[in-house]
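Starting off with a structure, shown below.
As the structure lists them, so they are numbered: ligands from 1, and atoms in each ligand from 1.
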Amino acid sequence: MITRKEYESARRRAADLMRKAGLRISDEEEKTIEVVDFGLGRLDQEGVQVLTLVQTERISVKVLALFPFQTEPEHWHPPVENDPGKEETIRVIDGTVYFFVPGPDTLRKGFIPRGKESCYTVKNEIIMNPSSQITLEPGKKHWFQAPEGGAVMFSFSTVARDALDKFTDPNIVRITRIIES
Ligand code: ZN
C-alpha cells in the first residue's frame, strides 16, 4: 500500500520522466498514470509507473516509467480462457534498461533487490538502450530494471489483463491500494 501523497508524487515524477523522454502527454493523461507498488510498499525499489494509451479487447499500448534503480518484479502473462496469454513488445524510448529473461545467467549490470533472491529466477541479462526492443511470447518470465537516470519504455501488446499476471514473489498484489489520509 501507498499513501495518497506518495502516489501523487510518484505520478508527477513519472510524468516528468516521460516528458523528458520527448513524449507529449496532456494534463488529463498525466492524471491517469498508474503507480504500481505491487502491494510491497517499497515503490522506489520494486514498482513501475504506467500510462495506458490504448486498451481495447484486443490490443494494448502503454508507456512504462522506471525510477532510478527501480525494478519491475519478475512475472509472466498466463493463458486466460481461449487466449494463450499476453504477447508483449517492450521498446526503450529513453534511458537504459536491464532486461532479464530465461537463459544462461549473465546478470552483471543489474541487481536483484536485496533479500529477494528467491523472487528473481531468470538471469539472462539484456542491456537495452533507446530504440532497443524485445518481444516476449506469452508465458515467458521476465523482469527489468533501470539504473541511474531511470527509463521510459513503450509496451505494445495483445490485450492486457494486468490483474491476472503471475508473479514469482508470492507477496505481490497487482492492484495498488492507496491509503487516503
Ligand atoms: Zn510483462
Considering only N, O or S atoms, which atom of E88 is nearest to the Zn ion (ligand 1)?
OE1
Test of geometry: compute the angle NE2(H142)-the Zn ion (ligand 1)-NE2(H75) and round it to 10°.
90°
Mind checking the CD-NZ spacing from E74 to K116? Nearest 0.5 Å is all I need.
11.0 Å
Considering non-hydrogen atoms only, spot the tightest contact between P102 and V122 and give its length.
N-CB, 3.7 Å
Could you tell me whether any N, O or S atom belonging to E72 is less than 2.8 Å from the Zn ion (ligand 1)?
no
Quick check: does any side chain N or O of D105 sit under 3.5 Å from a backbone N or O of L107, one acting as donor and the other as acceptor?
yes
Presence of salt bridge, E8 and R12, under 4.0 angstrom:
no
